[in-house]
Enquirer: 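Take this structure, written in structure tokens, and hold onto it; I'll ask about it next.
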Amino acid sequence: MMQRRAATAVPQSSGLRIGLMWDLLRTPVWLLGIGGVALSAIFQGAALASGALAVLQPLFMLELPFVLLGRPLPRAGWVPVGSIGGGLGLALFAAAPTGGTLAIPAAQRTAVLTCCLLAVVVLCSVAVRLPNGAARAACTAGTPAARPA
């Protein structure tokens, strides 16, 4: 939430610019948000060291609904948030996850990492060319910043 709040306070531009990072780095709220992300990663790593990924990963997916809890959201906006929770419950019920194996074949790991990297590159390339709005937000998996009317 802190990062999103800070991002709405920096000057808006029609495209991605290098100066945006500089503006954010000088915003204390954004720095607190980055610290929170770092702590979250440390706590997630600690949880994964003692718990099964099949149990913990669904908990990590609930970040978005928790971020939105403090914001006024129109009724239609709660449908996707509820869908995340419902879909997560349905997926867990259908998959009935159990512990996995400790070793993953190198070829499989390389294929998955390559596909993920390719998807990130394609989505970022598309997002940079789009104007601010829903399509760009969907490509970057974020929400469009609130603009003054």
Side-chain angles (χ1 to χ4, degrees), residues 1-10 16-130 132-146:
M1 271 189 322
M2 289 185 264
Q3 288 175 298
R4 292 170 194 267
R5 183 172 294 148
T8 60
V10 297
L16 190 62
R17 60 184 177 85
I18 299 297
L20 173 63
M21 187 55 70
W22 180 248
D23 291 339
L24 290 171
L25 284 171
R26 294 182 297 162
T27 308
V29 173
W30 190 80
L31 290 173
L32 282 171
I34 288 293
V37 168
L39 282 174
S40 173
I42 290 168
F43 290 139
Q44 287 177 11
L48 287 170
S50 62
L53 177 65
V55 174
L56 295 170
Q57 184 59 40
L59 295 175
F60 301 153
M61 284 182 54
L62 294 175
E63 175 189 2
L64 178 62
F66 283 124
V67 166
L68 294 175
L69 284 178
R71 299 178 69 175
L73 200 60
R75 185 177 296 190
W78 286 106
V79 172
V81 173
S83 297
I84 290 172
L88 178 59
L90 181 62
L92 286 173
F93 176 76
T98 60
T101 61
L102 294 178
I104 301 171
Q108 185 179 3
R109 189 174 41 234
T110 303
V112 169
L113 289 174
T114 302
C115 289
C116 289
L117 182 61
L118 182 61
V120 168
V121 168
V122 168
L123 288 172
C124 287
S125 299
V126 170
V128 167
R129 291 181 177 92
L130 294 172
N132 286 342
R136 185 174 187 169
C139 285
T140 58
T143 57

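Just so it is clear, the structure is predicted and the values come from calculations on it, not from any experiment. If you read the sequence from its start, that first residue is 1, and numbering goes on from there.
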Enquirer: Please tabulate, for side-chain N and O atoms in residues 82-92, each donor-acceptor pair with protein atoms closer than 3.5 Å (sequence neighbours left out).
Expert:
from, atom 1, to, atom 2, distance (Å)
Ser83, OG, Val79, O, 2.8

Enquirer: Considering only residues two or more places apart or on different chains, which pairs with a residue in residues 108-121 satisfy side-chain hydrogen bond (donor to acceptor under 3.5 Å, both in side chains)?
Expert: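 Output for this query is empty, none listed.
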Enquirer: Considering only residues two or more places apart or on different chains, which pairs with a residue in residues 40-56 satisfy side-chain hydrogen bond (donor to acceptor under 3.5 Å, both in side chains)?
Expert: Ser40-Gln44
Enquirer: Distance from Leu39 atom CG to Ile34 atom CD1, nearest 0.5 Å?
Expert: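 Answer for the CG-CD1 pair, Leu39 versus Ile34, is 11.5 Å.
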